[in-house]
Amino acid sequence: MVRNFVEELKWRGLLHDCIPGTEELLAKESCSGYIGFDPTADSLGVGNLVQVMTLVHFQRAGHKPIALVGGATGMVGDPSGKSQERNLLDEHQLKHNLDCQKRQLEKFLDFNCGSNSAEIVNNFDWFKTFSFLDFIRDVGKHISINYMLAKDSVQNRMGSGMSFTEFSYQLVQGFDFYYLWKNKGVKVQMGGSDQWGNIVTGTELIRRKGSGEAFALTTPLIKKSDGTKFGKSESGNVWLDAAKTSPYRFFQFWLNASDEDAQQYIRIFTLLSKEEVAALENEHLKDPGRRILQNALAKDVTIRVHSESAYLSALEASGILFGKGTTESLSQLSEQDLLSVFEGVPQVEVAKAELEKGFPAVDFLSERTGIFASKGEARKMIAGGGVSINKIRLEDVAYILSGKELLNNKYILVQKGKKNYFLVKVT
RNA sequence: GGGGAGAUAGCCAAGUGGCCAACGGCAACAGACUGUAAAUCUGUCCUCUUCGGAGUUCAUAGGUUCAAAUCCUAUUCUCCCCA
C-alpha cells in the first residue's frame, strides 16, 4: 500500500528540496506529516491547491496527512516572500477565514480511512494558553538570533524594515512543528519552497529542545512560463469558493493555460497517472490547436474542486460563448439554457420601457448598468473595438439601444473584451 | 539622542522654477494575428468629459514667486550609521 511518495512528487515536478533522509523515511514506514495554511482569505485559492495536492498524494502513499490552519500564525503574519510588513487581521475576520478554509480542506482529504485518516488542527489551540514569557523562555532560548537573522525572509527585509512581530514568526511556526512532533508524532513538514526557512527552524527546534529528528520537503513555487505569478486571472485571484470564483470562471482559468503551463499544471493539479499524462501530451502535440491538455486539465480540476455537473455547465457555457455559432446559437437558446449558461456571470436588470425610448449605449453601459466605471471609459472601450452586444461588435460610439436587440425577448448579452460577459435582464 | 539619505501615479523610476498630468520600464486592460495558447505589433493606462476640454495630483501643512513635483519653513513616516 505504501507507494513511494517522493518518487510521485518528483515526476510531477512537485519536489523542490528535502532534508536528507526524508525520502528513505517515507519509503520505509507510514508517517504523519503536515502542511500549514495561512488564513489570509476566506477561501483557498488555486495557489493553495498545490499544497492540498501534496497532502492528497501524501495520503494516497499511505501516510497520515495533517492540515494545520494558522489561527495563531495568522495573527502574526509570515514575512516570507513579502517585501512589506503585513496588516494584522482582526479576530473576527481570522475566525471566519479559518472556518471557511477548514471546510474546503475537508473536501480533498479522507478523514475516515483508518490509521492514515486525515486530520485538521489549529495552532491557536496550543498557543492560546502559552504566555509570552513562557514562550521566550522555553522556545526562544533554543534558537539564536544569529540563526534567525540568517534567514532569507529576514535578510530580504533588512533594507525595508521589519517589526519584531514578523521577525518572531519563524519561531512561532517552528514551535508548531515541535508541538506536533512531540504530541502527535509528526515527523515531516511540507510546504512551499518559501517556507523552507520556517520549516528548518522547526527541525532545529526539535533537535535542540527535543533532541529529536524531523524531516521536511518543499514544493517549488509555481510560476507561469512567462515568469508571472500563478493563480491570477484577469479578474483577480482564482478562488476555490464558487461564490468568489464561479465554476465557469474557474474552468476558464484552467482552459486558458498556455501549452507550456498546461504540461506543468496537469502533473501538479490532477491525479492522472504518469502514463495518462504522457498519452495526453502525445495527443496534444499532434494538434496543439485542439488544446487537449488544457481541456483535460480544466475538466479534472473543475470536477474535483466543484462537481461533475458544475463542469458540464461550464463546458456547455464555454461552447456557446466561444463556439462557432454566434448570434444564431444565442438566439436559439431557451430562456432556461440561457440562464444556466450565464450562471455566475454578472447580471443587471433594466426596465423595458427605458430601452424603448432609446438609450445611448455609452450611458447604458456606464451609468445605468455599471459595466464600465464611467462614460469616458465606456466610450474609449467602444472606440477601441472592445465591446460587443449579443456577440456583435459595437462599431459606433453613438449607438442608441432601442429595445430591439433582445434575446428571448428578455436579455441582452454585453461583452467586454473577448472573455468578459454581462447579462442584462430586461423586464 | 546625534549624523546622513529619502518619500513622485498599482509597482519600479526620471524630473531639481515655466515646454509637467509629469520621460522610461513593468504590471493591467483592449485591438490585430492565432488555437479562448505563446511570441509579436498597436492603442489605453490620475478622475470626469458634451472628446473641445474641465478638475485634482508628486508624504502632510503652510510660505516665497506672475509661475513650484522642483525653492523656504514646520510636521509625519521610512531606511542607514553612531550613541
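Sequence lines set the chain letters: A, B, ... in the order given, protein chains first and strands last, and positions in each chain run from 1.
Listed by chain and number, the residues in a ring-ring contact (aromatic ring centres under 6.0 Å, His included) with Y179(A) are W126(A) (sequence neighbours excluded). R393(A) is linked by a salt bridge (charged side-chain N to carboxylate O under 4.0 Å, His left out) to nothing, counting only residues two or more places apart in sequence or in another chain. Not counting sequence neighbours, the partners of R291(A) by the side-chain contact (heavy atoms from CB on, under 4.5 Å) test are L255(A), Q294(A), N295(A). For N408(A), the side-chain contact (heavy atoms from CB on, under 4.5 Å) partners are E335(A), L338(A), Y411(A), not counting sequence neighbours. Qualifying salt bridge (charged side-chain N to carboxylate O under 4.0 Å, His left out) partners for D125(A), counting only residues two or more places apart in sequence or in other chains: K128(A).
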Only Watson-Crick and G-U wobble pairs with both distances less than 3.5 Å should count. Give RNA chain B in dot-bracket notation, marking inter-strand partners with |. ((((((((.[[[..)..(.....]]].(((((.......))))).(((....)))...[[[[[..)....]]]]]))))))).

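Using a 4.0 Å cutoff on non-hydrogen atoms, no part of residues 277-285 of chain A comes near RNA chain B.
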Please output the side-chain donor-acceptor pairs of residues 373-381 of chain A that fall under 3.5 Å, not counting sequence neighbours, one pair per line with the distance.
from    : atom 1 : to      : atom 2 : distance (Å)
S374(A) : OG     : E377(A) : N      : 3.2

Write out a two-atom table: protein N or O, nucleotide N or O from nucleotides 37-41 of chain B, distance below 3.5 Å.
none

Taking only nitrogen or oxygen atoms into account, show me every contact under 3.5 Å that the protein makes with nucleotides 49-53 of chain B, one pair per line with its distance.
from   : atom 1 : to      : atom 2 : distance (Å)
U49(B) : OP2    : K375(A) : N      : 3.0
U49(B) : OP2    : G376(A) : N      : 2.8
C51(B) : N4     : R379(A) : NE     : 2.9

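Base orientation of G55(B): anti, since the glycosidic angle falls outside 90° of 0.
Side-chain proximity of M381(A) to U36(B), A32(B), A30(B): nearest is A30(B).
Screening residues 271-311 of chain A for ring pair (Phe, Tyr, Trp, His ring centres under 6.0 Å), with sequence neighbours left out, gives F250(A)-H306(A), F251(A)-Y311(A). Screening residues 376-404 of chain A for ring pair (Phe, Tyr, Trp, His ring centres under 6.0 Å), with sequence neighbours left out, gives no hits.
A sub-4.0 Å separation between OP1 or OP2 of A30(B) and a side-chain N or O of N420(A) is present.
Using a 4.0 Å cut-off between a side-chain N of Lys or Arg and a carboxylate O of Asp or Glu, D300(A) and R304(A) qualify as a salt bridge.
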